[in-house]
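Written below as structure tokens is the structure these notes are about.
One-based numbering along the sequence shown. Fair warning: this is a prediction, and the values are worked out from it, not measured in the lab.
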Amino acid sequence: MAFGRTSNVESSPGKAPLRGSFPLDHEGECKSYIKEYIKCLKENANNNGLCRQFSKAYLQCRMDKGLMDKDDMNNLGFADLNHGATEKK
């Protein structure tokens with residue numbers, strides 16, 4: 001007898017995320033980008049549209065540090081932002 005589910009229901013394995021795993025930044029390599037993003041949110045009444053350049057910089061940091069697969073920023077929803085290199089601290 002299985003607890004927590006009916007006996008006539010087959011369990012199915014979950015699907016993997018579309019972009020693969022998203023490892024945590026245990027070493028804090030991109031922490032400064034998170035802090036800038038949160039600061040921007042606080043200054044703009046949580047309007048994330050005004051802080052997109054910081055989320056773009058954070059994702060770029062993750063790609064540069066091997067914490068996520070490299071991808072074109074257009075595919076990550078940043079096609080409308082400047083195509084130049086994001087300024088890094």
Side-chain angles (χ1 to χ4, degrees):
M1 175 186 249
F3 294 101
R5 66 179 180 147
T6 58
S7 60
N8 62 349
V9 176
E10 293 290 324
S11 63
S12 62
K15 292 183 179 179
L18 291 175
R19 298 207 179 268
S21 65
F22 200 72
L24 297 176
D25 185 7
H26 292 292
E27 303 296 320
E29 296 176 272
C30 299
K31 192 172 186 175
S32 64
Y33 296 99
I34 295 169
K35 287 182 177 183
E36 289 294 319
Y37 178 71
I38 291 172
K39 179 182 172 188
C40 179
L41 287 175
K42 288 179 181 178
E43 292 172 353
N44 292 289
N46 292 321
N47 183 344
N48 65 346
L50 298 175
C51 303
R52 293 181 67 236
Q53 71 274 15
F54 297 107
S55 56
K56 178 182 176 183
Y58 171 67
L59 291 175
Q60 186 63 57
C61 177
R62 288 188 60 87
M63 287 188 276
D64 293 345
K65 304 291 183 181
L67 295 169
M68 66 182 278
D69 291 340
K70 292 192 183 285
D71 200 345
D72 189 284
M73 283 295 171
N74 294 345
N75 296 336
L76 298 175
F78 297 101
D80 59 323
L81 293 182
N82 185 351
H83 292 289
T86 303
E87 183 178 314
K88 296 184 181 180
K89 292 191 174 203

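- Once rounded to the nearest 0.5 Å, the distance linking OG of Ser55 with CG of Leu81 reads 7.5 Å.
- Looking at Met73 and Leu59, their side chains come closer than 4.5 Å, going by heavy atoms from C-beta outward.
- In this structure, Lys31 NZ and Glu36 CD are separated by 13.5 Å, a value rounded to the nearest 0.5 Å.
- Hydrophobic clustering, with ILVMFWY side chains joined whenever heavy atoms are under 4.5 angstrom apart, groups Phe78 together with Tyr33.
- Proximity of a side-chain donor or acceptor of Asn44 to a complementary backbone N or O of Leu50 within less than 3.5 Å is not detected.
- Minimum interatomic distance between Cys30 and Lys65 (heavy atoms only, all atoms of both residues): SG-CG, 4.1 Å.
- Met68 and Tyr58 end up in the same hydrophobic cluster when Ile, Leu, Val, Met, Phe, Trp and Tyr side chains are linked at under 4.5 Å.
- Put simply, the side chain of Ile38 does not reach to within 4.5 Å of the side chain of Phe54, judged on heavy atoms.
- Using a 4.0 Å cut-off between charged nitrogen and carboxylate oxygen, Arg52 and Asp80 count as a salt-bridge pair.
- Scanning both residues, Asp71 and Met63, for their nearest heavy atoms gives N-SD, 3.1 Å.
- For the atom pair CD (Gln53) and OH (Tyr37), the distance works out to 10.0 Å, reported to the nearest 0.5 Å.
- Atom CG of residue Asp69 and atom CZ of residue Arg62 lie 10.5 Å apart, to the nearest 0.5 angstrom.
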